[in-house]
Amino acid sequence: MKTLPEKRAIILGQYIIENKATVRSTAKKFGISKSTVHKDVSERLKTENPPLYAQVKEILEINKQERHIRGGLATKKKYIEIASKKQGYF
C-alpha cells in the first residue's frame with residue numbers, strides 16, 4: 001500500500017470501523033505490518049481525523065477485551081484438529 005501515511009491512516013481507520021477488524025486482520029488485508037497499522041491508527045489518525053480516531057479506539061478497546069477469548073478458541077480449534085488427525089477422521 002503505497003500512499004502517504006496520513007491518508008493511509010484514514011483508510012485503515014475506515015476499514016477497521018466498517019469491518020470491526022483487528023489490527024492483525026487489517027495488516028494482513030493491506031499487506032503491511034501490525035506495527036504500521038497500530039502506529040497509523042493510534043498516532044497519525046489522532047491528529048488527522050480525531051472523530052474517526054475515537055471510533056477506531058472504541059473498536060480496538062473491544063478487541064483488546066476479547067482477545068483472550070479468541071486466543072482460547074484458536075487453541076481449542078488447534079487441538080481438535082490434532083485429535084481428529086490422530087483418529088484418522090481428517
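Taking 4.5 Å as the limit, some side-chain heavy atom of R70 sits within range of a side-chain heavy atom of N63. By the 4.5 Å heavy-atom criterion applied to side chains, Q14 and E18 are counted as neighbours. L60 is not listed as a side-chain neighbour of K64, based on a closest heavy-atom distance of 4.5 Å or more.
Taken together through direct or relayed side-chain contacts under 4.5 Å among Ile, Leu, Val, Met, Phe, Trp and Tyr, I11 and I59 form part of one hydrophobic cluster.
One distance of note links CD1 of I17 with CD of E58; it measures 9.0 Å at 0.5 Å rounding. Interatomic distance, H68 NE2 to L73 CG, rounded to the nearest 0.5 Å: 10.0 Å. Rounding to the nearest 0.5 Å gives a distance of 14.0 Å between OH of Y79 and OG of S84.
A salt bridge links E43 and K39; the closest N-O separation between the charged side-chain nitrogens and carboxylate oxygens is under 4.0 Å.
With hydrogens and angles disregarded, a donor-acceptor distance shorter than 3.5 Å links the side chain of S42 to the backbone of H38. Using a distance-only test at 3.5 Å, with no hydrogens or angles considered, a donor-acceptor pair links the side chain of T26 to the main chain of T22. The main-chain N or O of L45 is never found under 3.5 Å from a side-chain atom of N49 such that the two would form a donor-acceptor pair. No donor-acceptor distance shorter than 3.5 angstrom exists from the side chain of D40 to the backbone of R8, with no hydrogens or angles considered.
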- prompt: Taking it one step at a time, do K85 and E81 satisfy salt bridge (Lys or Arg N to Asp or Glu O under 4.0 Å)?
  reply: CA-CA 6 Å; K85 286 180 183 178; E81 288 176 6; 5.5 Å; no
query: Yes or no on side-chain contact (heavy atoms from CB on, under 4.5 Å) for L12 and F30, after CA distance, side-chain angles and deciding distance?
result: CA-CA 8 Å; L12 295 174; F30 289 94; 3.4 Å; yes
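Across R44 and A9, no two heavy atoms sit closer than the pair CB-CB, 4.0 Å. Across all their heavy atoms, Y53 and V41 have their closest contact at CD1-O, 3.3 Å.
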